[in-house]
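Treat the numbers as computed from the prediction; the structure is a model and nothing was measured. Residue numbering restarts at 1 for every chain, and letters A, B, ... go by the order of the sequence lines.
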Number of protein chains: 2
Amino acid sequence: MPGEELSERQQAVLDAVLALMVAGEALTMNAVARRASCSKETLYKWFGDRDGLLAATVRWQASKVRAGNFDRQSMDAGALRESLSRFAANWLTVISSPTSIALNRLAISHAGSHETNLGGIVLANGRLAIGERVKPLLDAGREAGILAFDDTETAFRTFIGLVGRDVQVRLLLGDRLKLSPATIAADAGRAADQFITLYGTGRPAPAATLNA
Amino acid sequence: MPGEELSERQQAVLDAVLALMVAGEALTMNAVARRASCSKETLYKWFGDRDGLLAATVRWQASKVRAGNFDRQSMDAGALRESLSRFAANWLTVISSPTSIALNRLAISHAGSHETNLGGIVLANGRLAIGERVKPLLDAGREAGILAFDDTETAFRTFIGLVGRDVQVRLLLGDRLKLSPATIAADAGRAADQFITLYGTGRPAPAATLNA
DNA sequence: TCGCTACCGTACCGTACGTTACGGTTCTCG
DNA sequence: CGAGAACCGTAACGTACGGTACGGTAGCGA
């Protein structure tokens, strides 16, 4: 299963599954076949069974999200804040997207009961993947003397908390939370400032920015 | 439906549903009837249909969680930190409990599709309820000159983020996250210290405490 | 004791859906 | 052009499960 290449047609089928998920419609094999204009026999031939189809869909979406690492450019306080803010805004945009919400709902509803652990895939490609990209940034900040912390993981988790707060859970539970680009940008900047206040070695950001 | 009193027997039935949820077994009407030693006919008579049963279960669990408000005692910096830390530890204990995880998974899997909004009930009794208890504490701290912020809601959400980080989502996705009482106590204290560093008016907590 | 109510246990019904089977069409390759 | 593969559309099968019906029993008031 892993390492398999997906043909264009197969990718189109998985996109159809994603479309169904986002639309909130039931993920039956009939619905997928109809939406993708393919036969059920083909679905079973390509993906084995329903769980295989859903797992392939989750992996397919995960493979599409890969986005830019930070460029280890000049590491001063301003660049650090900018990079943190950009990561935060990017992550907030992702977790508030209908696709991410639908995918996480699916993975959570399968967690525990099913043996095909969609939750593990989502965790590996969401939470862990962003960690692997942010932690080098934090380490670079520490090496540059801008940040001070003992454990990178702990610092990263604090950052995640400041950025996301309870947004993801509320969205998953159906809370009508409006995250406009402006709101996201403001929250990202606030989180970056708060993080630097907690872990920075220089003077903290002005209070006016914090208490907005 | 709301305002109805539950008989002892009915409460026992709902506890049986909770037991099934926590055990990860399927929530079929047959399974509930068997576990609760009652007839399906009775289930339908009492709760209308399956959604009514699940909604009653969520409400029943929510009614059991109500826990102590803070006592507006002497409001100095130490007492504030202690109260914040206690709230944080309490909340972490709740969201990491098997019952809470199972309940949130159920509510999330129903969000969007079903019209019986379990997510709304969970939100109202979880996220919003703790907010209504913590915010007066924050306001008291501000009135006492210990804290400084413009918007209580924003400050509260920062606190929530510092306490929970991504713990809840990871647990919902099936991450094997071990939250021992010692870990919870440490995380609660760290979150309280960080919050006071961000929003306190006095000198920040020593760096050694922050970077643990 | 008679009737009534509430409830248990079980059998039953209808539907939804995962899965399989099959006929028909298009494409590829020799 | 002929054979086979790949695939579409649809029909069919089996089961799981929500919901209903019904017989049997215990308690209770008259």
For this session: Would you tell me if any nitrogen or oxygen in the side chain of Trp46(A) comes within less than 4.0 Å of OP1 or OP2 on dC7(D)?
Result: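 Yes, within the criterion.
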
For this session: Check whether any side-chain N or O of Thr42(A) sits under 4.0 Å from OP1 or OP2 of dC8(D), and answer yes or no.
Result: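 For Thr42(A), the contact criterion (side-chain N or O under 4.0 Å from OP1 or OP2 of dC8(D)) is met.
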
Problem set entry | Position toward the 5' end of DNA chain D (nearest nucleotide), Arg50(B) or Arg9(A) | Arg9(A)

Whole-Å gap separating [atom2] ([N]) and [atom1] ([X]):
X	N	atom1	atom2	answer
Met29(A)	dG9(D)	CE	P	15 Å
Arg34(A)	dG18(C)	CZ	C1'	14 Å
His114(A)	dG18(C)	NE2	C1'	12 Å
Leu27(A)	dG18(C)	CG	P	9 Å
Tyr44(A)	dC7(D)	OH	P	17 Å
Lys45(B)	dC22(D)	NZ	P	16 Å

side-chain hydrogen bond (donor to acceptor under 3.5 Å, both in side chains) partners for [X], two or more places apart:
X	result
Ser37(B)	none
Arg127(A)	Glu153(A), Asp166(B)
Thr183(B)	Ser180(B)

Exercise. Can you tell me if Ser100(A) and Ser97(A) form a side-chain donor-acceptor pair at under 3.5 Å?
Worked result: no

Problem set entry | Base-contact (B) and sugar-phosphate-only (S) positions in nucleotides 9-16 of chain C, heavy-atom cut-off under 4.0 Å, - elsewhere | B-B-----

For this session: Return the set of residues passing side-chain contact (heavy atoms from CB on, under 4.5 Å) with Arg50(B) (not counting sequence neighbours), or none when no residue passes.
Result: Leu27(B), Met29(B), Leu54(B), His110(B)

Exercise. Could you go step by step and tell me if Arg35(A) and Glu25(A) meet the side-chain contact (heavy atoms from CB on, under 4.5 Å) rule?
Worked result: CA-CA 11 Å; Arg35(A) 181 93 173 208; Glu25(A) 300 179 30; 3.9 Å; yes

Check nucleotides 25-28 of chain D against the protein and report each pair of N or O atoms closer than 3.5 Å, with its distance, or say if there are none.
none

Exercise. Applying ring pair (Phe, Tyr, Trp, His ring centres under 6.0 Å), which residue pairs with at least one partner in residues 170-195 of chain B are found, sequence neighbours left out?
Worked result: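 Every ring pair (Phe, Tyr, Trp, His ring centres under 6.0 Å) pair that includes a residue of residues 170-195 of chain B, provided the two are not neighbours, is Phe159(B)-Phe195(B), Phe195(B)-Tyr199(B).
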
Exercise. Taking only residues two or more places apart in sequence or in another chain, which ones pass salt bridge (Lys or Arg N to Asp or Glu O under 4.0 Å) with Asp51(A)?
Worked result: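 Testing Asp51(A) for salt bridge (Lys or Arg N to Asp or Glu O under 4.0 Å), a comparison that skips the adjacent residues, returns none.
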
For this session: Could you tell me which residues satisfy salt bridge (Lys or Arg N to Asp or Glu O under 4.0 Å) with Asp15(B), sequence neighbours excluded, listed by chain and number?
Result: Lys64(B)

